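Before any comments, here is the structure.
Please read these numbers as outputs of a predicted model, since none were measured by experiment.
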Amino acid sequence: MSIEPMVRAEQVHKSYGQVEVLKGIDLEVQPGQVFCLVGPSGSGKSTFLRCINHLEKINAGRLYVDGELVGYQEKNGKLHELPDRVVAQKRRDIGMVFQRFNLFPHMTALENITEAPTQVKKVPKAQAREQAMELLTKVGLADKAGNYPSQLSGGQQQRVAIARALAMEPKLMLFDEPTSALDPELVGDVLDVMRGLAEDGMTMIVVTHEMGFAREVGDSLVFMDGGVVVESGHPREVLTNPQHERTQAFLSKVL
C-alpha cells in the first residue's frame, strides 16, 4: 500500500492580473518530511505556501493536502469552489507561521495560544491552558506565559507564534521565512524549536534562507526561480553540487 503524500501539487498556476507568479508547479511532500523551498525573492515560494492553505486561490492545476483537494471539490471532472466555511474548517489542520509573527498585541502569550483551540475547536479553557503551557515549555518560554507580545523579543514572539500554530494540532506546518525578520542572534532559538518539531515527525514545508538549517534538518529541497521548480533533491546534494546554472548562481550569493 503506497502512502499518500501529505502535499501534492500538479501543474499549479497562479497569476495576479497579467503577472504569472507560479507557472506549473509539480511537487510532492511525504508525511514526516521537512521540505525546504529556497530561491530568490519573487520566485513564487511564499505564494505557493499560501496556496497550500488556500489563502491564495490557484488559477489552474490541482493541490492536494493529505489526499484532499485544497479549496475545491471535483464533480464530473470539473472543479467547484468550496464554501469559505468548509475551507476554514480544513485550514485548521494546517499550521502557518509567517515572517511577521501576527500575534494579537492585546493578549498575553498564553492567551494567544489558547484563543483558537477554545474558540474554534471548543476545547475547554482549563484544558487549553494546560496544553498552551506544555507548548510554551516546548518552545522554551514557560516563564513568559503572562507577557504581552510587546514585552517579548522578535525571536520569542516567533516561538509563541509556532506554539500558537501547534495548539491546533495540525498535520502540516508551513513556515514562511520564519527567521528573516529576526536579529541574527535570535535566529538559533527559533531554528532549534523547528529542529525539535522535525525530530517529533511533524511534516513541515519551510521557505527559508537558512541554508545551514536546510542542510542539517531538511529531507528534501526545492530551488524555485521565476515561478518554476528549477532543481530539487536532497538538501546536501543540491547545496553541495547544484546541477543547474541558476541554482549555482543563487547559491554562490547566499552560501
So do Met173 and Leu166 actually touch side chain to side chain, heavy atoms under 4.5 Å? yes

For Asn53, run the side chain to side chain contact (heavy atoms under 4.5 Å, CB included) check against Arg91, Lys90, Arg92 and tell me which one passes. Arg91

Look up atom CZ in Arg8 and atom CG in Leu69, then write down how far apart they are to the nearest 0.5 Å. 8.5 Å

Do Gln156 and Gln158 get their side chains close enough for a donor-acceptor pair, meaning under 3.5 Å? no

Ser15 side chain vs Gly17 backbone, donor-acceptor pair below 3.5 Å: no

Geometric cation-pi criterion Lys14 and Tyr16, 6.0 Å radius, 45° cone: yes

Starting at CE of Met96, measure out to CG of Asn102 and round the result to the nearest 0.5 Å. 9.5 Å

Report, as yes or no, whether the 6.0 Å neighbourhood of atom CG on Asp84 holds more than 12 heavy atoms from other residues, nucleotides or ligands. no

Side-chain heavy atoms under 4.5 angstrom apart, residues restricted to Ile, Leu, Val, Met, Phe, Trp, Tyr: same cluster for Phe98 and Ile162? no

Any side-chain heavy-atom pair of Phe213 and Val206 under 4.5 Å: yes

Enumerate donor-acceptor pairs with a distance under 3.5 Å from any side-chain N or O in residues 130-141 to protein atoms, sequence neighbours excluded.
from   : atom 1 : to     : atom 2 : distance (Å)
Thr137 : OG1    : Met133 : O      : 2.8
Lys138 : NZ     : Asp200 : OD2    : 2.7

Do His80 and Tyr72 have side chains that get closer than 4.5 Å, going by heavy atoms? no

Are any non-hydrogen side-chain atoms of Met224 and Leu22 less than 4.5 angstrom apart? yes

Assess the residue pair Tyr64 and Glu10 against the criterion (side chain to side chain contact (heavy atoms under 4.5 Å, CB included)); give the C-alpha distance rounded to whole Å, side-chain angles, the decisive distance to 0.1 Å, and a yes or no. CA-CA 9 Å; Tyr64 299 87; Glu10 298 174 356; 3.9 Å; yes

Shortest non-hydrogen contact between Leu172 and Ile52, atoms and distance: CD2-CG2, 4.0 Å

Identify whether Val65 and Phe48 are in the same connected component of the hydrophobic contact network (ILVMFWY, side-chain heavy atoms under 4.5 Å). yes

Reported CD-to-NZ distance for the pair Gln151 and Lys144, which is rounded to 0.5 angstrom: 9.0 Å

Would you compute the distance between atom CE of Met194 and atom CD of Glu210 and round it to the nearest 0.5 angstrom? 9.0 Å

Any idea which heavy atoms bring Leu182 and Pro178 closest together, and the distance? CD1-O, 4.0 Å

Give a yes or no on whether the backbone of Val34 and the side-chain of Asp219 come within a donor-acceptor separation of less than 3.5 Å. yes

Is a side-chain N or O of Gln248 found less than 3.5 angstrom from the main chain of Pro242, in a donor-acceptor match? yes

Under a 4.5 Å side-chain heavy-atom rule over Ile, Leu, Val, Met, Phe, Trp and Tyr, are Phe175 and Leu103 clustered together? yes

With a 4.5 Å heavy-atom cut-off, do Pro31 and Ile3 have their side chains touching? yes

Between Gln243 and Asn241, is there a donor-acceptor pair closer than 3.5 Å when you use the side chain of the first and the backbone of the second? yes

So His234 and Leu221, side chain to side chain contact (heavy atoms under 4.5 Å, CB included) or not? Walk me through it. CA-CA 6 Å; His234 191 279; Leu221 181 140; over 6 Å; no

Hey, could you give me the CE/OG1 distance between Met211 and Thr208, rounded to the nearest 0.5 Å? 7.0 Å

Would you check if Ile113 and Val160 make a side-chain contact, meaning some heavy-atom pair closer than 4.5 Å? yes

Going through the distances and angles, do Arg62 and Gln11 end up as a side chain to side chain contact (heavy atoms under 4.5 Å, CB included)? CA-CA 7 Å; Arg62 299 270 195 283; Gln11 281 299 300; over 6 Å; no

What is the distance from atom CD1 of Ile58 to atom SG of Cys51, rounded to the nearest 0.5 Å? 6.5 Å

Between the side chains of Gln99 and Ser180, does any donor sit under 3.5 Å from an acceptor? yes

Are His106 and Tyr148 near enough that their ring centres are under 6.0 Å apart? no

Mind running side chain to side chain contact (heavy atoms under 4.5 Å, CB included) on Val7 and Phe35 for me, showing each step along the way? CA-CA 10 Å; Val7 177; Phe35 192 95; over 6 Å; no

Same cluster (ILVMFWY, side-chain, under 4.5 Å), Leu63 and Val21: no

Give me the ring orientation class for Phe250 and His209: parallel if the planes are under 30° apart, tilted from 30 to 60°, perpendicular past 60°. tilted

Closest approach of Ala128 to Val123 (non-hydrogen atoms, all atoms of both residues): N-CG1, 3.8 Å

Search all heavy atoms of Asn112 against all heavy atoms of Phe104 and return the closest pair with its distance. OD1-N, 2.8 Å

Hydrophobic clusters here meaning ILVMFWY residues chained together by side-chain heavy-atom distances under 4.5 Å, can you tell me if Val38 and Val229 are in one? no

Heavy-atom distance under 4.5 Å between the side chains of Leu239 and Leu251, does that happen here? yes

When every non-hydrogen atom of Gly95 is compared with those of Pro170, the smallest separation belongs to N-CB, 3.4 Å

Taking salt bridge (Lys or Arg N to Asp or Glu O under 4.0 Å) as the cut-off, I'd like each qualifying pair that reaches into residues 156-173, sequence neighbours left out, listed once. Asp66-Lys171, Asp93-Lys171, Lys121-Glu169, Arg159-Asp189

Distance-only, no hydrogens or angles: does the Asn147 side chain make a donor-acceptor pair with backbone N or O of Leu152 under 3.5 Å? no

Heavy-atom nearest pair, Pro149 first then Pro105, reads CD-O, 3.7 Å

With sequence neighbours excluded, give me every salt bridge (Lys or Arg N to Asp or Glu O under 4.0 Å) pair touching residues 231-251. Asp225-Arg246

Given side chains that start at C-beta, do those of Thr47 and Arg50 come closer than 4.5 Å, heavy atoms only? no

